[in-house]
Amino acid sequence: MDYRFLLDLAIILFATKILGLVMKKVGLPQVVGALVAGILVGPAIWGPLTGGRFVPVRSTQFLTFLAELGVILIMFGAGLETDLKELKHSGLKASFVALLGVAVPLALGFGIAVPFFGVHGTDNVLKCVFIGVIITATSVSITVETLRELGKLKGKTGTVILSAAIIDDVIGIIVLTFVIGMKDPSQGKPYMVLVKTALFFVVGIGVGIGLNFLFRWLEKKYPHRRRVPIFSLVVCFVYAYAAEHFFGIADITGAYLAGILLSNTKETGYIERKVDVNSYMIFAPVFFANIGIKTDFSGFQVQILLFCVLFVLAGLGGKILGCGAAAKACRFSWRESLQVGVGMMARGEVALIVAQKGIAAGLLDEIYVAPVILLVVISSLITPIFLKLLFKKESGLPLAQSSPVVSAQADPSADARGDMTVQDSSAAARSDVEENVTPEPVTESVTPDSAPQA
């Protein structure tokens, strides 16, 4: 056996953590640090410098498997963090903002892609559509922390942004599922993709209702026991497998739906915390670093540079126009409408996940990861600045950009990009105390499952 994979893991975990902390210091999401770390330790930099003779970490099948587990866990965590009650009460305003926040960027993305890919043939049309799909995703972790600092998180604008972001991601995942399904020739006629997608959600939700009752029983009988999050992972992996194998749709769709179905149980917070530990320790850093490791700049030409500029402009402008126009139609003021548009502008891990899924499905080449990374960096940097300018008269706070602590509610892989905050650590400590003092039945007192929780 070749034990090189152990060194690869050590390099990746060290590089992603160090670069993540650096990005945190300068006010960027730590996921950007993980991406940059992947580029710095991968062939994109070391290949041209050494002629390919020395590369710290190369893309391997082992890393690909770990990265796939990482993205599944990230999307499962995102589903767990989805607040169904908030979705129910968000009303038509947030739904309309989310709908236009998907439709306008999708149209702009398609428009800028046509000159580069053309519309001759189904494959080229799907490529153009997929460019639009990438920029539909929203990550409002930076927005959440900025609004919290300004005292506007629970205000009119903040509530609409948070609710719309959740609905936005759900719509985006459904569109991604449809586009990837269209790419697969085995899917047959286009209407079969819609039928299979709809069937998956019907079957998944139907089974999920029964699973919800099962988990409520487990939580009542075994509160704060590790068997509950372990069984939740079983559900996550089964749903991810069933989505790909039986319905021909993306595995992340299955994982996301599994998370949503388990998001309203008593132990959801406990499950989420345990899943996050698995995610941010190994799998999520490997996923984000692997994107950088696979990035190839050898084909980076003037045409790609032009595409990068248009892609970023479409990504930023699409959210401002779409979400802002929807807010204005819902009788928000001009300033409030612009606040909503800018608040939905930031991109993060979901855009990267969508891009990687498209590349894996053959919709795009690896070179097109670069524009996505650029959009994530630029949107993360300018969103808090613009928001503070828009709220300046209302808040009276300085414009100095604080180092954001990524919110778990808005960003499913927050812990994957940094150490736990003081509040998170305290919550975890309280949870561990509860686990230690919760009695187990005498018959199980000597089993490993009832040992003190670490």
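Position 1 is the first residue of the sequence; numbering continues from there. This one's a predicted model, so the numbers in the text were calculated from it and none came from an experiment.
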Please check if the side chain of [X] supplies one atom and the backbone of [Y] the other of a donor-acceptor pair under 3.5 Å.
{"X": "S263", "Y": "I260", "answer": "yes"}
{"X": "S379", "Y": "R347", "answer": "yes"}
{"X": "S380", "Y": "V376", "answer": "yes"}
{"X": "K388", "Y": "T383", "answer": "no"}
{"X": "R331", "Y": "A329", "answer": "no"}
{"X": "N124", "Y": "H120", "answer": "yes"}

Which atoms form the tightest heavy-atom contact between [X] and [Y], and what is the distance?
{"X": "A361", "Y": "I180", "value": "CB-CG2, 4.2 Å"}
{"X": "A34", "Y": "F288", "value": "CB-CB, 3.6 Å"}
{"X": "F307", "Y": "P371", "value": "CD2-CG, 3.8 Å"}

query = If we only count heavy atoms from C-beta on, is the F332 to K93 side-chain gap below 4.5 Å?
reply = yes
ask   = Is the number of heavy atoms from other residues, nucleotides or ligands within 6.0 Å of CZ (F386) greater than 12?
value = no
request  = Find the distance between CG (L80) and CG (L261) and round it off to the nearest 0.5 Å.
outcome  = 10.0 Å
Electrostatic pair K357-E68, nearest N-O below 4.0 angstrom = yes
Check: Y368 ring centre within less than 6.0 Å of F117 ring centre = yes
